[in-house]
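Remarks on the structure that follows.
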Amino acid sequence: MPKKYTPIDEDGNDIEPPIKKKKSAKSPQKKPESIDDILKRFSNTFIPQEESIREYSNDSHYTQPIQTDDEKERISALKKIITKLERRYLNSKKEDNQKLSTLEKKYAKLLNPAQLQAAITVDGPLLVVAGAGSGKTRTLVHRAAYMLERGINAKNILLLTFTRRASKEIQLRVNQLIGSEKADALTAGTFHGIANAILRRQHTLLDISPSFTIADKPDSADIIRLIRHRIKIEKKGPILKNSKIVDIFSRSRNLEISVEKTTERIQPEYLVYAEELQQLFTLFTEYKSEHNIMDYDDLLSEFQRHLEENRLFCSQMQKQFQYIMVDEFQDTNIIQKRIVNTLAAKHKNIMVVGDDAQSIYAFRGAVFENILTFPEQWKECTLIKIEQNYRSQPAIIELTNTILNAASIGYHKKLFSDKKIGDSPKLIKASSAGDEASRVVNMIEKELETIKPKDIAVLYRSGYHSTHIQTELLRRAIPFVVYGGITFTERRHIKDVISFFKIVANKRDIVAWNRLLMLLPGIGPVTARKILNAIQSGNGEALRPFFAAKQGDYLLAFIEAVTTATRPGLSLKDMCEIIFAYYIPLLSEIETDVSDRLKDLEILREISAKYRSVNSFVSDFTLDAPQKMRNNSPVSDRQIEETITLSTVHSAKGLEWHTVFVPHLLDGMFPSNRALKNFSNLEEERRLFYVACSRAKERLFLSYPATHFFGGRASGIPSRFLHEIDSLL
DNA sequence: TAAGTGTGCGTTTTT
DNA sequence: CGCACACTTA
């Protein structure tokens, strides 16, 4: 068996010199090391590294994961569905001599025949399978415009998108097409955004509190942190990480399978804690409802639950949304599909668009079967395929088609393009991650001679893959924006201030209270809990003893700020003043590098000024975090023109660039280590690779380093996906 | 009981 | 590199 890991690279890496810690020599080890451990450490340190760049021509490196019986079954079932779909598609292909109305003729000039059909087929269920770059958004935009022009009331149209960015773009383009008065009344947004808005607006009918706050993932992890001590958790295996627990819970709900099953599937090391996890899940659920908190999954499932249980509400919704369009349908999960089905049940004017080859959100419960089985659900549905690609030049299309052909299933689309053939995709081999970064940036500089910064993107598998490239770009003073990874919202001081707003919005948001209390010097978990008990007791006097304690002045200042900020009639601007006046001095006390953070807070002030209610500010902020960052702060649209884009592949979905770089194509990085042993996960990684490459219009550069630091070890095997497209590079 | 230090461990992807 | 936990110190 070939050696899987090469030892630590000690030379030539100017970015991240590996400093070998000698901790074991200093601190006495309690348990004696096993011979295996010692040997492992020895070989990591002293066995000379392999310096040559590996070639991918030899596929003995790659062990294909074994398909489980379930997977085999699923695939053969899907294949049957696809064959049926294909047959049905061929039968339904109409002769194109239908007579067009004047209005339709207008749209015929703007769209190709398939797009036109998709746009003017307004009544009844409709499935549009659209390949990458085939003008999916264009079709949606024109369809909405066509409907409005045909006299359908904008209020009766619901457009569900995957990201806020997509919904904003569609709305903007509809505006440009037919003017804003009509288009503005259209309901467009993400599933989560719409669920949030409707739950708040209809709170009386639904009998819920409209002041609930929304917990993002770190917030949920905080809740777990607060409640995990209520049950005894003996150390039986690996440490239970709060954020992983949250992942398990969320996935369990998205897939609608038990916590234990989910654990087995995504975090089998935690199976020893199955019982504890189940208990925690119950506590977690109770905690959220007690404190008027909803997480992302609650927004969807509560919405769906009310639709099911409240007939009045349901019929109101069905009456309002007579025409429904869903973008990126391949990435919907069971609950989202159910919501759509319920909403469309009465009028049946439901149109879904998607591409099964771009389904990359299985980790969030997405089932691309949703798109393939749509015609089974809606028997009378019309089926349209849009296959012409307007984005990429033929050499790139050939490559992306090849990637798809390696996939085991899929509703195969033969994308084709009229564009003239351009440069073939290039492969860059580097000796180390630092070397890779500098080669990539060399190419970027070369590209910049002919194209604009905003036409270039670097797309990688995981957030932390961007660090080397970032360092290199910073060094050469090339401005860039980072999408994905650590967002603005997750920065500590932003979370603090938002927590303050959350308290104002929802007094019961104990997570927010706790966070702010723990910030105070002299207050730790125990005191914080006591204070919280006092606050929740509903008796103000109970707080008095804490003011008298040695760090009481801090607490007093905090409580005073809270009461001032909660006074009725304050604008968000006033509130910001009060909060900052309290928080900034405190921040300077506990942090050293305040100036950067103050800039962030200024941005926060600007954003908040646009809102009139605390609730909408806080929920929008959680659902639609500003994530464009440059030197760690959001940038204006103007600056974006001058910057190149660094993004995770996931965040790059639906976007396109003249030139695209896909670095770190090592087995274990892309495809990710986690996916190597599981057949379906590996298939999803391949689709992800497909999404990455199909973002490129003219030029595509793939690259990999010989080694990459990876928890002290380095993997040096080129990605198996490169092997699959070998001949095209 | 808060807060600081050390250490071991495991690194997706997002609304 | 960040975190959960163990242990120490004040």
Side-chain angles (χ1 to χ4, degrees), chain A residues 16 21 23-24 26-31 37 160-167 189-196 214-218 221 224-225 228 233 235 237-245 247 250-251 254 266-267 269 294-300 328 331-333 335-336 360-366 459-465 467 483-487 489-490 518 520-530 549-551 590 619 622-625 627 647-653 664 668-676 681 684-685 687-688 691-692 709-713:
Chain A
E16 201 182 339
K21 291 178 193 159
K23 273 167 195 160
S24 49
K26 254 197 292 189
S27 56
Q29 207 82 15
K30 261 171 294 163
K31 61 167 190 215
D37 287 343
L160 289 162
T161 55
F162 196 68
T163 59
R164 284 256 180 150
R165 192 166 57 192
S167 82
T190 62
F191 276 91
H192 295 88
I194 298 222
N196 172 49
I214 300 169
D216 60 10
K217 199 183 136 185
I224 305 287
R225 195 195 323 279
R228 63 184 287 162
I233 302 176
K235 196 170 167 192
I239 296 163
L240 282 173
K241 281 198 168 181
N242 296 330
S243 66
K244 292 218 158 154
I245 299 176
D247 284 341
S250 171
R251 188 90 83 97
N254 280 308
I266 68 169
Q267 207 58 223
E269 320 83 85
M294 295 221 206
D295 61 22
Y296 290 127
D297 305 319
D298 292 326
L299 287 174
L300 296 184
E328 309 276 14
D331 281 323
T332 51
N333 64 27
I335 303 168
Q336 290 167 325
I360 53 176
Y361 279 91
F363 70 90
R364 220 171 85 181
L459 307 179
Y460 36 84
R461 172 68 244 258
S462 319
Y464 71 95
H465 290 181
T467 48
Y483 283 88
I486 319 125
T487 56
T489 4
E490 280 159 38
M518 296 271 283
L520 304 176
I523 296 181
V526 177
T527 317
R529 197 168 353 133
K530 285 181 189 162
K550 44 182 168 166
Q551 308 285 6
I590 48 186
S619 55
T622 333
L623 290 175
D624 183 24
Q627 52 176 208
S647 171
T648 58
V649 182
H650 284 89
S651 298
K653 191 166 183 185
H664 297 111
M669 308 206 76
F670 201 164
S672 135
N673 242 337
R674 297 298 214 101
L676 291 181
N681 292 355
E684 176 149 317
E685 296 283 311
R687 292 193 294 270
L688 195 58
V691 170
F709 296 109
F710 199 51
R713 295 176 296 192

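Residue numbers start from 1 in every chain, and the chains themselves are labelled A, B, ... in the order their sequence lines are given, proteins ahead of strands. Just so it is clear, the model here is predicted, and its values are computed rather than measured.
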Whole-Å distance separating the CD atom of A:Glu684 from the P atom of B:dT13: 13 Å
Out of B:dA3, B:dT15, B:dT1, whichever nucleotide has its closest atom nearest the side chain of A:Arg364: B:dT15
5' precedence on DNA chain B between A:Asp247 and A:Glu269 (nearest-nucleotide basis): A:Glu269
Contact under 4.0 Å: A:Asn242 side-chain N or O vs C:dC3 OP1/OP2: no
The answer to which of A:Pro525 and A:Thr163 contacts DNA chain B further toward the 5' end, by nearest nucleotide, is A:Pro525
Mark yes or no for a side-chain to base donor-acceptor pair under 3.5 Å between A:Arg461 and B:dT13, with no hydrogen or angle criteria applied. yes
Counting only side-chain nitrogens and oxygens, does A:Arg674 get under 4.0 Å of the OP1 or OP2 atom of B:dT11? yes
In whole angstrom, what separates A:Lys244's NZ from B:dT11's C1'? 7 Å
Checking A:Arg461 side chain against A:Pro671 main chain: does a donor-acceptor pair fall under 3.5 Å? no
In whole Å, I'd like the distance from the CD1 atom of A:Ile335 to the P atom of B:dT15. 17 Å
At under 4.0 Å between heavy atoms, what does A:Arg687 touch on the DNA or RNA strands: base, sugar-phosphate, or nothing? nothing
Whole angstrom is fine here: how far is it from CG in A:Leu676 over to C1' in B:dT13? 15 Å
Which part of the nucleic acid, if any, lies within contact of A:Phe191, taking any heavy atom under 4.0 Å across all strands shown: a base, the sugar-phosphate backbone alone, or nothing? nothing
Between B:dA3, B:dT12, C:dA4, which nucleotide has the shortest distance from any of its atoms to the side chain of A:Ser462? B:dT12
Contact under 4.0 Å: A:Thr648 side-chain N or O vs B:dT14 OP1/OP2: yes
Contact class for A:Ile523 vs. all strands (heavy atom < 4.0 Å): base, sugar-phosphate, or nothing? sugar-phosphate
Side-chain contact test, heavy atoms from C-beta onward, threshold under 4.5 Å: evaluate it for A:Phe191 versus A:Ile335 and give yes or no. no
Are the side chains of A:Phe363 and A:His650 in touch, meaning some heavy atoms are under 4.5 Å apart? yes
Can you tell me if the side-chain N/O atoms of A:Arg251 get under 4.0 Å from OP1 or OP2 in B:dT13? no
Is_stacked (A:Tyr464, C:dC1) at 5.5 Å, 30 deg: no
Compare the minimum distances between each of B:dT12, B:dA2, C:dC3 and the side chain of A:Arg225, then state the nucleotide with the smallest one. C:dC3
Rounded interatomic separation in angstrom, taking CG from A:Leu688 and P from B:dT13: 11 Å
Nucleotide B:dG10, atom P - distance to CD of A:Gln267 in whole Å: 10 Å
For A:Leu240, is there any backbone N or O sitting under 3.5 Å from a side-chain donor or acceptor partner on A:Arg228? yes
Taking the side chain as every heavy atom from C-beta outward, state whether A:Phe162 and A:Thr332 have any pair of such atoms under 4.5 Å apart. no
Counting side-chain heavy atoms from CB outward, which of B:dT12, B:dT14, B:dT1 is closest to A:Tyr361? B:dT14
Whole-Å distance separating the OH atom of A:Tyr296 from the P atom of B:dT14: 11 Å
Separation of C:dG2 P from A:Lys241 NZ (nearest whole Å): 11 Å
Parallel, tilted or perpendicular, judged at 30° and 60°: which one describes the rings of A:His465 and A:His664? tilted
Tell me what A:Thr622 touches on the nucleic acid: a base, only sugar-phosphate, or nothing, going by heavy atoms under 4.0 Å. nothing
Would you classify A:Arg529 as touching base, sugar-phosphate or nothing, given that sugar-phosphate means primed atoms plus P, OP1 and OP2, and contacts are heavy atoms under 4.0 Å? nothing
